[in-house]
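Notes follow the structure.
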Amino acid sequence: MLELIQRAAVHLLISLSGVVLATVIGVVIGVILTRVPKLAGPVIGIVEVLQTIPSLAMLSILLVFFGLGNMTAVMAIFFYSLLPIVRNTYTGILALEPALLEAGRGMGMSSLQILFQVELPNAIPVIVSGLRISLITAYGIVTISVLVGGGGLGRYVYRGIQMADMAMLFTGAIPICLMAFLTDLLLNRLEQKLLHR
Amino acid sequence: MVTFDNVTKSFSGHTVISDLSLEIPRGQFTVLIGPSGCGKTTSLKMINRLIEPSKGSIFVDGQNITKVSPVDLRRQIGYVIQQIGLFPNMTIEQNIEVVPRLLKWPKEKRHQRTRELLEMVGMDPKEYLGRYPSELSGGQQQRIGVLRALAVAPPLILMDEPFGALDPITRESLQDEVKKLQTSLGITVVFVTHDIDEAVKLADRIILMKDGEIVQNAPPETLLAHPANDYVREFIGKKRMKANYDVDLVREIMNPRVVTTTRDKGFAESINLMRKRNVDSLVVLDKEGRLEGVVTVENLRAVAGKQHIAQIGEVEMKSVPTISMNAQAREAFDTLITEKLPFLLVVDSKDRVKGLVSKTSLVKALAGVVWRDDEDDE
């Protein structure tokens, strides 16, 4: 039981590390794209291509650079999470009413103040929606990252398949499903709450 | 307060404002008006540097605005826009306190000011402070939009069609409120609209623009009474000019059928006359038709028993106020209403009675205005 909880914690930790890293960098990229619209097409194109790489292929490629272990999983999650976060930040900010920006400017906010007090806070529901997709995808990636030496609940699933041990397999699979389900529920709630005020 | 000095603005070769020179007086409500594309909004936005002029200079309070950073300039000038632009992520309190926070006011001072502002427009701070803009009606939102602009008590406020998106009733009440605030606080307001009714209602001075130039710059009364040209006349519309006060004269609205008598007419005869014409008073004239006085039913009743009275001239007469037939109708109505008179006698320059003005005449004159409006609309 203790082992299960530990593995679940590792699973969550690897997922979160990748997603948090992607959020920090993705939001920055998204904001830059709103400031330099010329870059938007090419940059979003590149992160879209990243997304289309099959996860096993992505893990194999990253294995070359980061070696066996959790770091490879974290990086894979990072690359997969970039697209939803960059795109949602970019569209979230662009979709804001122009009146908000005019009001901010007209009242004497500097462009950084507009970014932090108006643009980002109001784009957050959309960004959280990207975050939710990223995190749920991440759980799946961590699961197969066991093939590149990653930890987490994937170990149970992998061993369960190899030993044809259904009980073992479900010990890994059910917590993963629960985590995904709970994440979706919580972030959805958060999104609605942010939207409705 | 604001001076435009030979300001020109062109966007990619197209001139929107050409050589505009203008002085917006301190403490007054100035309305920029004109059809879309006349440059009124561009002119307004050049005052807080949301748009930079291509040529010329603008001075606010004697200072060339290019010498101040746009951010500092804007924090000293209130700004209200048509789309309201309250921040949905902030509560009402936070929205009102945006500029105070930018100016780093201490918390105490900010909170006190916000409460004071809400109370000024009759909104209970306890009820509204913690709410979000989406929980308010459009009218309430714009009320907050106005308060937000007033937060640091700027001497100058710019308003860009602030009530354009509101329903007529809400618009009326906000107009009244803004006008009241402007007068009581003594601030300078520059207000853009395309609605001439709104302009006439609010403005101390109307600046009518067309194709980036000023067509007429005058107080509303002057603009309505003496439009500079056909364009102005057309813009303000025929119906408003007709309906405008100071147009009708007493002679045009008076009732010329006055029931008169003379001093030597008999007592009984006069009573009969009153009965026949269904009036309660007679106007007594001398031989030349000049006014002697008025005899009312009450005067007659007071002497009814006294047989020795045979002629009207012997009855006590009331003196009544008169008005010249060439006076303004408005003046007649004002006197009627403020002095609570049943009627006013209209006299010519030789004091001869020509007619009378009563509350009925007022109603008829008003009805006339309404009918003329109907014809215009068809």
request  = Against chain B, label Gln117(A) side chain, backbone, both or neither, depending on which of its atoms sit under 4.5 Å from a heavy atom there.
outcome  = both
request  = Please say whether more than 12 non-hydrogen atoms of neighbouring residues, nucleotides or ligands are located less than 6.0 Å from CZ in Phe66(A).
outcome  = yes
message = Taking atom CD as the centre, does Glu23(B) end up with more than 12 heavy-atom neighbours from other residues, nucleotides or ligands that are less than 6.0 angstrom away?
response = yes
NE2 (His194(B)) with more than 12 external heavy atoms under 6.0 Å = no
task = Anything in residues 11-49 of chain A with a heavy-atom distance to chain B below 4.5 Å? Please list those residues in order.
result = none
query = Who wins among Asn48(B), Val99(B), Leu102(B) for the most heavy-atom pairs under 4.5 Å with chain A?
reply = Leu102(B)
query = Looking at residues at least two apart in the chain, or sitting in another chain, which of them share a side chain to side chain donor-acceptor pair (under 3.5 Å) with Asn188(A)?
reply = none
ask   = More than 12 foreign heavy atoms under 6.0 Å from CD of Glu108(B): is that the case here?
value = no
More than 12 heavy atoms from other groups under 6.0 Å of CZ on Phe11(B) = yes
Side chain to side chain donor-acceptor pair (under 3.5 Å) partners for Arg113(B), two or more places apart = Glu116(B)
inquiry  = Please classify the contact between Arg131(B) and chain A as side chain, backbone, both or neither, with a heavy-atom cut-off of under 4.5 Å.
reply    = neither
key: Crowding at CD1, Ile169(B) (>12 non-hydrogen neighbours, <6.0 Å)   = no
Residue part contacting chain A, namely of Leu50(B), when any heavy atom lies under 4.5 Å = both
key: Close approach to chain B in residues 95-111 of chain A, criterion heavy atom under 4.5 Å   = Ala99(A), Leu100(A), Glu102(A), Ala103(A), Gly104(A), Arg105(A), Gly106(A), Met107(A), Gly108(A), Met109(A), Ser110(A)
query = Side chain, backbone, both or neither: which part of Leu158(B) has a non-hydrogen atom closer than 4.5 Å to chain A?
reply = neither
